[in-house]
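Notes to accompany the following structure.
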Amino acid sequence: MKQPTEQTRNFFQDVYEVVRLIPPGRVSTYGAIAHYLGSRQGARTVGWAMQAAHALSGPEYVPCHRVINRLGLLTGKQFFGSPTAMQDALEAEGVRVVEDQVQDFAQRFWDPAVELQP
DNA sequence: GTGCTGACCACGG
DNA sequence: CCCGTGGCCAGCA
C-alpha cells in the first residue's frame, strides 16, 4: 500500500522548484540542491534534470545557468546554444566569470538548505 | 527486464 | 592538488 504521502518525490520537479528560487546574481551547486532534497549523492540526477529543464520554457523555465558544480565551474556551458551563453547569462546578472570559473564563488554561492530554512 | 551512461559528490590513499 | 571507488535517479538501446 502506498503511504499517505502520495507525493511521488519527483526529483526533477523538486529540482526545478529549487533552481527557480535561485535569485539573480547568485549561483548554486548540484550537490547543494541534491542535499537539500535529501539525496546527498544524488547530485548526478540534478545535472540530468538540468538537461531536461533545458527544454522547458515560459513558467516552467529553469535558470540552469545558475547551477554549477561545487568547484564553481560552468561544466554545463557546452549544453547551451553558445559556448559563452552560460557565462554571458551569469555576467549579465553581475556574476564575474573567468575561464569558466565563477569569481567570489563562496559569496555567490546560494545554498537552499540555508536560504530556504523553514 | 537488463545494462550502461550521465552538466556530480564524498571518501580514502 | 590528483587518482580510484561507491552511490544516487532518470532515460535509452
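Everything quoted here is computed from the prediction, not taken from an experiment. Protein chains get the first letters and strands the later ones, always in sequence-line order, with residue 1 at the start of each.
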Looking at [options], which one has an atom nearest to any side-chain atom of [X]?
X        : options                 : value
Trp48(A) : dC9(B), dA10(C), dC8(B) : dA10(C)
Met86(A) : dA7(B), dC8(C), dC8(B)  : dA7(B)
Phe80(A) : dA7(B), dC8(B), dA10(B) : dA7(B)
Thr45(A) : dG6(C), dC9(C), dG6(B)  : dC9(C)
Ala43(A) : dA7(B), dA10(C), dC8(B) : dC8(B)

Apply side-chain contact (heavy atoms from CB on, under 4.5 Å) to residues Glu115(A) and Ile22(A) and explain how you reach the verdict. CA-CA 10 Å; Glu115(A) 305 293 342; Ile22(A) 302 176; over 6 Å; no

Atom pair distance, as rounded to whole Å: [atom1] in [X] and [atom2] in [N]:
X         : N       : atom1 : atom2 : answer
Arg70(A)  : dA10(B) : CZ    : C1'   : 8 Å
Gln51(A)  : dG6(B)  : CD    : P     : 11 Å
Phe109(A) : dC9(B)  : CZ    : C1'   : 12 Å
Leu37(A)  : dC9(C)  : CG    : P     : 11 Å
Tyr16(A)  : dC9(C)  : OH    : C1'   : 12 Å
Asp14(A)  : dC9(C)  : CG    : P     : 12 Å
His54(A)  : dA10(C) : NE2   : P     : 21 Å
Leu74(A)  : dA7(B)  : CG    : P     : 15 Å

How are the rings of Phe109(A) and Phe105(A) set relative to one another: parallel (under 30°), tilted (30 to 60°) or perpendicular (over 60°)? tilted

Determine whether a donor-acceptor pair (N or O, by modelled atom type, separation under 3.5 Å) exists between the side chain of Gln87(A) and the backbone of Ala85(A). no

Do Leu74(A) and Val102(A) have side chains that approach each other closer than 4.5 Å (heavy atoms only, starting at C-beta)?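 A side-chain contact under 4.5 Å exists here.
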
Find which nucleotide of DNA chain C each of Arg44(A) and Leu71(A) is nearest to by heavy atoms, and output the residue with the more 5' nucleotide.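 Nearer the 5' end of the strand: Leu71(A).
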
Would you state whether a donor and an acceptor, one from the side chain of Arg40(A) and one from the base of dG7(C), lie under 3.5 Å apart? no

Working for side-chain contact (heavy atoms from CB on, under 4.5 Å), residues Glu91(A) and Glu93(A): CA-CA 5 Å; Glu91(A) 290 189 328; Glu93(A) 297 180 348; over 6 Å; no

